[in-house]
There are 2 protein chains.
Amino acid sequence: MALPPSPQDVEPAAPSRRELNKAATRQAITDSALELLRSKGPGNFTVEDIADAAGISRRTFFNYFGSTDAALASIVHGFLDNAIQQLRLRPAEEPMLESAQAALMALADPKAVAPLAELFTLTQQSPLMSHTELEAWDHCRTQVFTIARERLAGTPGEQDELYVHALAGSIMSCGKAAMEVWFSRRGPDLTPGSLAELRQLLIDAMALLGAGFNTTASPSATRSS
Amino acid sequence: MALPPSPQDVEPAAPSRRELNKAATRQAITDSALELLRSKGPGNFTVEDIADAAGISRRTFFNYFGSTDAALASIVHGFLDNAIQQLRLRPAEEPMLESAQAALMALADPKAVAPLAELFTLTQQSPLMSHTELEAWDHCRTQVFTIARERLAGTPGEQDELYVHALAGSIMSCGKAAMEVWFSRRGPDLTPGSLAELRQLLIDAMALLGAGFNTTASPSATRSS
DNA sequence: GTGCAAACTTGCACGTAGTGTAACAGCGTG
DNA sequence: CACGCTGTTACACTACGTGCAAGTTTGCAC
């Protein structure tokens, strides 16, 4: 491997050297994969290319990821895991839609969306969204489902599975819709104005969902930058 | 191939011999794939197995499908294409949610859901939903998006992309949620009572969406079989 | 029917994906 | 330092997916 001692850290909660090495290798893989995506374009490089660029063997790559797609999708996973984390620390009494909106708002900052935005712009011309990317969103959906089920466990109405499944799926769809619209409008633009528009889109998307898509009475803000 | 003249047909709209042969081969592939899924379980058979069972060469298999997954996902594709077809022949003035509900109701009959139900029961224990299956749902989502956009093209409110994207995604999520709940409750049960429950679930799911998931005022029917 | 062109199937070869295995190197601890 | 544990590496092997150059079937005109 190409990673000597490397004395400087940020996380005070991961002391073990092994943990650090693994994290560093993981990062090196995704970095190399993203770099190759930039330089050669989607589908024009192999696992061996990534392994070479990351300074590891082909076999080791597969100890971390199951495919090139998976390595790139880890960016999406990282973003969505972050969102789940934000969602978990919302108060349980808060309505789900508001929690979701708040959690997403917290992620509308450059540091969080930058990798995602670049990945999207680099892969959007190719066959839509890659397999593994869709899987990442679906995985997040199941997590939202779990959170929603925990929250509604003891509520009066005895909410059934349908409610929770449909709610979780719709929240994901609306969040995804907001990001897609934002990407299609702004591309890789990360200026404050652009991010403000993203936040507004997220608010609007959740509002649409909460209103059952009955916009006949609310022709309000849809663009705000 | 294992398909001589084969004099009997059903479709009077596909005259060409080539078309018939291709359709028959395609069907033979999916049949063989499903049969192998039944007998050997997911992931325990190869493309060559399918090709042998279908009486074609491995190379020809790849002329029809890109992977074993894709061959099996064609079942999902078939179902969803059918749904899109139903959706398209709804009046354009009808609200989208009602159209979606009506289109889905039309598919709650044994002949349409049987293959889907079997596929679900055979693959649900393995890693959730396969890549290609998710892709099929996403492909359907883009079609719903297109239909919704066409409908709302000239409406007063000047609906923007966000509305259409979020709506299409939410409709798909709720339809999928209804089917998932149904499968988890009933498994491969295709009795009239079970199908009635599916229909009720679809109605309920669309109602939830139309009400913005505000069920505080409507503790109405969620199970009806 | 005969001949021809287009469409389809097939076998072959090749590069890549992904996995099992066993030897090897780095880390943590006594 | 030496030992056990964890992670890396090389190697071998099966299966995937595709380009290519045959061979075969179908549609069509004569």
Side-chain angles (χ1 to χ4, degrees), chain A residues 1-7 9 14-29 32-33 36-37 40-74 126-127 130-132 135, chain B residues 1-7 9 13-30 32-33 36-37 40-74 126-127 130-132 135:
Chain A
M1 256 197 59
L3 290 169
S6 170
D9 300 323
S16 165
R17 180 62 161 276
R18 285 205 164 103
E19 308 288 332
L20 291 178
N21 281 350
K22 287 193 73 169
T25 302
R26 201 178 177 81
Q27 191 62 44
I29 292 176
S32 303
L36 282 165
L37 184 65
K40 303 204 170 189
N44 295 85
F45 55 96
T46 71
V47 170
E48 193 157 16
D49 294 333
I50 301 176
D52 287 350
I56 57 170
S57 75
R58 199 179 76 95
R59 190 63 184 81
T60 300
F61 173 92
F62 284 113
N63 286 344
Y64 285 84
F65 299 103
S67 64
T68 58
D69 253 22
L72 289 170
S74 75
S126 68
S130 81
H131 302 179
T132 324
E135 230 175 24
Chain B
M1 255 194 60
L3 291 168
S6 169
D9 299 325
S16 164
R17 180 60 161 278
R18 282 206 166 104
E19 308 288 331
L20 291 177
N21 282 351
K22 287 193 72 170
T25 302
R26 200 178 178 81
Q27 191 62 42
I29 292 175
T30 59
S32 304
L36 283 165
L37 185 65
K40 304 206 169 187
N44 296 88
F45 55 96
T46 71
V47 169
E48 193 157 15
D49 294 332
I50 302 176
D52 288 349
I56 57 171
S57 74
R58 198 179 75 96
R59 190 62 183 82
T60 300
F61 172 92
F62 284 112
N63 286 345
Y64 284 84
F65 298 102
S67 63
T68 58
D69 253 22
L72 289 169
S74 75
S126 67
S130 80
H131 302 179
T132 324
E135 231 174 24

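Note on naming: letters A, B, ... go to the chains in the order of the sequence lines (proteins, then strands), and numbering restarts at 1 for each one.
- The phosphate of dG7(D) (OP1 or OP2) has no side-chain N or O of Asn21(A) nearer than 4.0 angstrom.
- Between Ile29(A) and Ile56(A), the closest side-chain pair of non-hydrogen atoms falls below 4.5 Å.
- In this structure the side chain of Tyr64(B) reaches within 4.5 angstrom of the side chain of Lys22(B), judged on heavy atoms.
- Within 4.0 Å (heavy atoms only), Thr46(A) reaches sugar-phosphate atoms of the nucleic acid but no base atom.
- Closest of all the heavy-atom pairs between Ser74(B) and Ala71(B) is OG-O, 2.7 Å.
- Side chain Arg58(B) to base dG17(D): a donor-acceptor pair is found below 3.5 Å.
- Counting to the nearest Å, the P atom of dT19(C) and the CG atom of Asn44(B) are 14 Å from each other.
- Atom CD in Glu19(B) sits about 14 Å away from atom C1' in dT25(D), given to the nearest Å.
- Considering only side-chain N and O atoms, Tyr64(B) lies nowhere under 4.0 angstrom from the phosphate OP1 or OP2 of dC8(C).
- Projected onto DNA chain D by closest heavy-atom contact, Asn63(A) and Phe45(B) fall at different nucleotides, the more 5' of which corresponds to Asn63(A).
- Here the P atom of nucleotide dT6(D) and the CZ atom of Arg26(A) are 19 Å apart, to the nearest Å.
- Close to dT9(C), at under 4.0 Å from its OP1 or OP2, lies no side-chain N or O of Ser57(B).
- Between the P atom of dA17(C) and the CG atom of Asp69(B) lies a distance of 18 Å, rounded to the nearest Å.
- Both Phe65(A) and Phe61(B) sit near DNA chain C, but only Phe61(B) has its closest nucleotide nearer the 5' end.
- Side-chain atoms of Asn21(B) and Arg18(B), non-hydrogen and from C-beta on, never get closer than 4.5 Å to each other.
- The interatomic distance linking Arg18(B) (CZ) with dA5(C) (C1') rounds to 10 Å, in whole Å.
- Atom CG of Asp49(A) and atom C1' of dA17(C) are 13 Å apart (whole Å).
- Atom NZ in Lys22(A) sits roughly 11 Å away from atom C1' in dT8(D) (whole-Å rounding).
- Within the 4.0 Å cut-off from OP1 or OP2 of dG28(C), at least one side-chain nitrogen or oxygen of Ser16(A) is found.
- In this structure, the side chains of Phe65(B) and Thr30(B) come closer than 4.5 Å at one or more pairs of heavy atoms.
- Looking at Arg59(A), its side chain has no donor and acceptor atom pair within 3.5 Å of the base of dT8(D).
- When rounded to the nearest whole Å, the span between CG of Leu72(A) and P of dA17(C) equals 13 Å.
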